[in-house]
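Take a look at the structure set out below.
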There are 2 protein chains.
Amino acid sequence: MANIKDVAERAGVSVATVSRVLNGHSPVAETRERVLAAVRELGYRPNNVARALRTARTGALGLIISDLTNPFFTELADAVEDEARSLGYSLIIGNAGERPEQQDDHIRTLLDRRIDGLLVSSAGTGSAMLGEVVGSGTPLVLLDRTVPGIDAPCVRADGRAAMTDLAAHLAALGRRRPAIIVAPAGTPTGDERLDLFRTALAAHGIGLPDERVGAAHDLQHTGGRRVMSDLLDLPQRPDAVLATDNLMALGAMDELKARGLRVPDDVALVSYDDVPWFAHTDPPLTVIAQPTRELGRVAVHTLLARIEGRPAGSVLLPARLVTRRSCGEPPAH
Amino acid sequence: MANIKDVAERAGVSVATVSRVLNGHSPVAETRERVLAAVRELGYRPNNVARALRTARTGALGLIISDLTNPFFTELADAVEDEARSLGYSLIIGNAGERPEQQDDHIRTLLDRRIDGLLVSSAGTGSAMLGEVVGSGTPLVLLDRTVPGIDAPCVRADGRAAMTDLAAHLAALGRRRPAIIVAPAGTPTGDERLDLFRTALAAHGIGLPDERVGAAHDLQHTGGRRVMSDLLDLPQRPDAVLATDNLMALGAMDELKARGLRVPDDVALVSYDDVPWFAHTDPPLTVIAQPTRELGRVAVHTLLARIEGRPAGSVLLPARLVTRRSCGEPPAH
DNA sequence: AGGCTCTAGGTAATCGATTACACGAGCTCG
DNA sequence: CGAGCTCGTGTAATCGATTACCTAGAGCCT
């Protein structure tokens, strides 16, 4: 592949001039044309590796996704990629598959590649490498999930308003024995969603005792299904269940179906994350929708601010309740 | 961040020695220990950018995905990433979103970054840049979709056996008026699936006239829904529909539901791609399952063969029919 | 005309690694 | 005992760009 020297020779100028033309620095008409012609004729494209070495800027951002096969994160990754690209950065995606070691492995290679900044929606409860990222000086922004002890801005959704609406919705429909399926114990996201739900219900005089709080062993289909099974085995079966992740909701639905229970007649079901096909389930699922694409966009902007040395703090974007039919009574419209 | 010179100084050796220790080339016990100690103390990590410049190997592969939000491709990307990582490469994913211009844009930046090889599941019917990739000498392997006129191995699924089984399945269940929903006209994948289906049906004396062949305007939910609508408006409604992509199948299902038609009683429905939630629809969908993860793995190996100069040709892996209940009669088991 | 500023463009250092080549020390072997 | 090895290590070239610094000439002023 042609390099800058070839172009310089062909245009009869020095490499410096070629570089200047290409970066729009100083050069002027006549020389400029010759250089551009040479570039065209040789099909020259600057070598980004060399450029990155010299400028200490790779023009690449890293994104660690906790589970790429989870549609919520797929959409998040897609949004991040779009935004990064439109701002002239390319994106290297690493999928942690909810495994902290794999996450660390990815972070290490991204640092070795000298990416300009890193976005992380962390698997598990964080990891040693995240500390190193901060230490290395590479700009870091957390996405969707906070990590205790890591000093970096976090961009995520605020479920408070949606939870308030949800509690009101359930109360209005006469549901009195709610339950919740949360992420494995100790994850900040799980704890927070539980707190918010409990608080919101309390405002309507509805309790959420610990026996109706189920922590899944994983953030997957089977995790949700198993917890739903436990909940249904309770002496008093819950009459409404909130699954705090879309895959767990899917598992929960399957368990209900397997037992011949009907949604919403026997049990109301609500999920977090409005993934496209929830509108096509039977019945369509009422969900707490996070502003997924917006989260991705804002995260990229926050990261760029950090990269450019501008101040940037955490951001909370409101989630909202999308009422469909899985709690009963189709919404009047 | 510490560089190789810092390490050399601290260990009291030359940079050459440090490099040799780190790459396991020649050095021996005593010096080796000193170098490793220095590396540890300084937290040194080699700069991959510099290394890539010198060795002309970046250790990165590129993957262009036609639509990352399509679960089939998400799983494919995930499999490719896993395999690449386990072989010591990192992966840069570019999402074309079914837009050829965006695909070209991605390919361009990947080439500029001097990736060691490129995997492409091409959006549309290919693009000018693909020709340039071949011209540039960057090893290229096509994935899932062939591109006419591009001289590169292609790794994809062979639907023949599955189609044969499907035709037999439909015939056995007494379906006589099949229809098919294919990708926009002119895409090799669409044409091929149509041919295979038609041929397989013919063996049972069942015809597939053009009026029951619907080309969607896009590979999405709405594309599938619109075509299904047209098919249902036919004077003689089809009694079985094969949607050749999972998103189109979802659209088709919605149209059936909207018209109050029942699956499989009124119309049998079959989809391509066994995405996880098809097992959870009502009724569970009979599908032609592609060996998705295997495709990803094989594609990476084929690409590595190319990179290392070993010969490597196209690969076809058999798809298979997964019988569930959307064509009637649950399978005996 | 001499001196000044301004601009275009060349020369060479630089980024951080890898690696060809050279060199000296310690061996073996005739 | 010295020629010839091998082995470990250092010196310096190299990858392909960017950019600080310098020079030459043009234009302008007094």
Side-chain angles (χ1 to χ4, degrees), chain A residues 1-39 42-60 88 108-109 111-116 136-138, chain B residues 1-39 42-60 88 108-109 111-116 136-138:
Chain A
M1 214 177 255
N3 63 21
I4 199 173
K5 227 160 129 189
D6 302 331
V7 176
E9 264 167 39
R10 175 149 199 144
V13 299
S14 75
V15 294
T17 303
V18 176
S19 173
R20 285 191 273 249
V21 169
L22 263 31
N23 295 293
H25 280 315
S26 68
V28 96
E30 203 242 342
T31 322
R32 183 184 171 73
E33 287 315 318
R34 279 219 316 287
V35 170
L36 292 180
V39 166
L42 294 170
Y44 168 74
R45 309 235 74 216
N47 182 329
N48 220 298
V49 175
R51 189 212 293 277
L53 177 59
R54 181 60 233 250
T55 61
R57 287 194 56 257
T58 52
R108 232 184 312 271
T109 49
L111 289 183
D112 289 354
R113 280 183 196 290
R114 301 297 194 268
I115 46 159
D116 295 338
S136 79
T138 303
Chain B
M1 213 178 256
N3 63 20
I4 199 173
K5 227 160 131 190
D6 302 330
V7 175
E9 265 168 38
R10 174 148 199 146
V13 298
S14 75
V15 295
T17 301
V18 176
S19 173
R20 285 192 273 250
V21 169
L22 262 30
N23 295 294
H25 278 316
S26 69
V28 96
E30 204 243 341
T31 324
R32 185 183 170 73
E33 288 314 317
R34 280 219 315 287
V35 170
L36 292 180
V39 166
L42 294 171
Y44 168 73
R45 307 236 76 216
N47 183 328
N48 221 299
V49 175
R51 190 212 293 277
L53 176 59
R54 181 60 232 249
T55 61
R57 288 193 57 254
T58 52
R108 231 183 313 271
T109 49
L111 289 182
D112 289 354
R113 279 183 197 290
R114 299 297 193 270
I115 45 158
D116 295 338
S136 78
T138 304

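Note that these values count all heavy atoms, side chains included, but never hydrogens, waters or copies made by symmetry. Numbers restart at 1 for each chain; the letters A, B, ... are given by sequence-line order, proteins then strands.
- When rounded to the nearest whole Å, the span between CZ of A/Arg57 and P of C/dT14 equals 23 Å.
- OP1 or OP2 of C/dT14 has not a single side-chain nitrogen or oxygen of A/Arg54 nearer than 4.0 Å.
- Computed from coordinates, the A/Asp112 CG to C/dG16 C1' distance equals 13 Å when rounded to whole Å.
- Atom pair B/Asp6:CG and C/dA17:C1' shows a separation of 13 Å (rounding to whole Å applied).
- A residue-by-residue look at B/Thr55 and A/Ser14 shows that A/Ser14 has its nearest nucleotide of DNA chain C further toward the 5' end.
- The distance from atom CD of A/Glu33 to atom C1' of C/dA8 is 16 Å, rounded to the nearest whole Å.
- Of all nucleotides listed (D/dT18, C/dG9, D/dT19), D/dT18 comes nearest to the side chain of A/Arg51.
- As a whole-Å value, the separation of A/Leu22 CG from D/dT18 P is 7 Å.
- Among all heavy-atom pairs drawn from B/Met1 and A/Ser136, the shortest one is CE-CB, 3.5 Å.
- Taking the nucleotide of DNA chain D with the nearest heavy atom to each of B/Val13 and A/Tyr44, the more 5' of the two is matched to B/Val13.
- Put simply, NZ on A/Lys5 is 11 Å from P on D/dA17, counting in whole angstrom units.
- We find that CZ of A/Arg20 is positioned 8 Å from P of C/dG10, with the value rounded to whole Å.
- When rounded to the nearest whole Å, the span between CG of A/Asn23 and C1' of D/dT19 equals 10 Å.
- No donor-acceptor pair under 3.5 Å is formed between the side chain of B/Ser19 and the backbone N or O of B/Val15.
- Proximity of A/Val7 to A/Leu42: side-chain heavy atoms (C-beta onward) are separated by under 4.5 Å at one or more points.
- Contact annotation: A/Thr17 reaches the phosphate of C/dG10 (side-chain N/O to OP1 or OP2, under 4.0 Å).
- Of the possible polar contacts, none joining the B/Arg114 side chain to the B/Leu53 backbone as a donor-acceptor pair under 3.5 Å is found.
- B/Ser19 has no side-chain polar atom (N or O) that falls below the 4.0 Å cut-off from OP1 or OP2 of C/dA17.
- Regarding contacts with the backbone of D/dG16, a side-chain N or O of A/Asn3 is found under 4.0 angstrom from either OP1 or OP2.
- Within the 4.5 Å cutoff, the side chain of A/Thr138 has heavy atoms near those of the A/Leu111 side chain.
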